[in-house]
Amino acid sequence: MKTSFDKEMLKIDREHIWHPYTSMIDPLPVYPVVSAEGVRLTLADGRQLIDGMSSWWAAIHGYNHPVLNNAAEKQIKVLSHVMFGGLTHSPAVELASLLIELTPKPLQKVFFCDSGSVAVEVAIKMAIQYWYSVGLKEKHKLLTIRSGYHGDTTGAMAVCDPITGMHNMFSGILPSHYFADAPNGKYHKTWDEKDIESLHNLIKEHHEKIAAVILEPIVQGAGGMRFYCPEYLTRTRDLCNKYNVLLIHDEIATGFGRTGTMFACEHADIAPDIMCVGKALTGGYMTLAATLTTAKVSDAISSGNPGLFMHGPTYMANPLACAVATASIKLLLSTPWKDRVKKIEKQLEADLSRCKTLPQVYDVRTLGAIGVVEMAHPVNMATTQKRFVEKGVWIRPFGRLFYIMPPYIIEEKDLATLTTAMADVIAEVGQ
Ligand SMILES: *Cc1c(COP(=O)(O)O)cnc(C)c1O
């Protein structure tokens with residue numbers, strides 16, 4: 001088995017392998033990783049980087065964790081995978097029970113799927129099939145907010161921000177939905193009733209055609225790393241009730257403690273009718289997601305025509321992924337995660353505040369274990385990425401944003417290295 005990464009491999013990578021959102025003709029450099037442990041990634045040339053990204057929100061316990069390794073090893077010796085049609089297994093049952101216990105009470109039914117995007121597809125299909133089943137077939141549109149991100153598959157893409165989600169390019173196949181203005185209130189700002197007007201007007205006018213409102217609660221992730229007021233969620237819940245519209249929360253990025261509460265909807269103390277989880281579900285070990293819903297939704301779908309929910313992925317409820325997810329959630333619950341996230345939040349707030357006065361910086365914001373510096377102008381990803389690697393950290397900016405969301409286990413000193421690198425590179429950008 002090769003554990004190193006030679007020049008030839010890098011050449012094959014460059015010539016044949018597509019990376020996320022890249023060109024095959026002029027790809028940006030990629031850095032080969034040979035191993036990872038705790039909050040450190042080890043590159044092929046021996047350099048170690050402190051991870052600021054948690055592999056896109058997922059690796060909340062850090063890498064190569066003995067508890068998760070053990071769960072995977074134990075399960076792989078018994079049952080790695082089996083089809084879920086007509087069969088079941090304890091990893092699925094254990095994980096479903098945990099998810100039902102942890103999420104808001106009304107959510108009682110779990111659909112396991114392969115990735116976040118698919119969880120969103122499933123949520124959209126559930127909402128539409130719900131109204132179809134109760135005889136309101138014209139309710140098949142979605143209402144969402146601008147600056148959102150819900151995944152890269154076509155159904156999910158149709159509810160991403162119209163500009164960053166590239167609706168123009170795919171307009172021939174994308175269904176058209178309703179877009180309200182993004183809430184502009186910051187998380188800590190006092191609530192302004194005007195913030196909900198746009199969504200209110202759209203739901204009032206079009207509710208007869210709307211199956212569901214879908215949004216990322218509290219934190220809009222890849223669509224702009226924006227944090228908004230809990231009151232926005234409360235108002236949305238009230239409007240959905242008033243106008244007979246389902247509410248879908250996409251907790252794929254926010255779930256499992258990232259914002260300081262187990263799920264972001266807890267900031268507003270409300271429950272959605274459908275919830276998507278993914279990313280940190282397996283602690284960053286493998287791809288798994290789930291869509292949860294209420295008995296009301298599942299009963300209606302099951303007593304309608306055809307009476308079956310029309311979805312079923314090949315790798316549904318993969319036992320290996322379910323076993324690791326259960327171990328990851330139990331590990332989270334056995335650690336003082338709330339205190340850790342709070343401590344990270346405090347340090348991010350203090351350390352990043354020195355960026356506030358720089359003219360090239362538009363905004364600095366933190367919430368839970370997420371720190372964001374929004375620049376006035378787009379950032380050169382290739383050059384800043386290289387600078388970060390030189391400084392021994394893994395931070396990947398996009399658009400106008402520098403941001404970090406480290407593993408919860410990160411120690412004060414390592415977090416300080418991350419924030420110092422971030423502030424230094426941001427200062428360089430202005431020169
Ligand atoms: C990442 C993400 C998705 C998509 O998940 P994938 O696993 O990449 O398909 C959907 N919604 C939100 C909020 C996300 O952050």
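In listed order, ligands and their atoms are each counted from 1.
Judged by the 6.0 Å and 45° rule, R365 forms no cation-pi pair with Y187.
At distances below 3.5 Å, at least one donor-acceptor pair connects side-chain atoms of T261 with backbone N or O atoms of F263.
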All N/O donor-acceptor pairs, side-chain side in residues 27-35, below 3.5 Å, sequence neighbours left out:
none

Do any side-chain atoms of residues 80-88 form donor-acceptor pairs under 3.5 angstrom with protein atoms, and if so which ones, sequence neighbours left out?
from : atom 1 : to   : atom 2 : distance (Å)
H81  : ND1    : N318 : ND2    : 3.1
H81  : NE2    : T314 : O      : 3.4

Between side-chain atoms of residues 101-113 and protein atoms elsewhere (two or more places apart, or another chain), which donor-acceptor pairs fall under 3.5 Å?
from : atom 1 : to   : atom 2 : distance (Å)
T103 : OG1    : L99  : O      : 2.7
Q108 : NE2    : K105 : O      : 2.7

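Contact residues for ligand 1 (protein heavy atom closer than 4.0 angstrom to any ligand atom): S115, G116, S117, Y149, H150, G151, E216, D250, I252, A253, K279.
The neighbour count for E138 CD, taken as heavy atoms of other residues, nucleotides or ligands under 6.0 Å away, is above 12.
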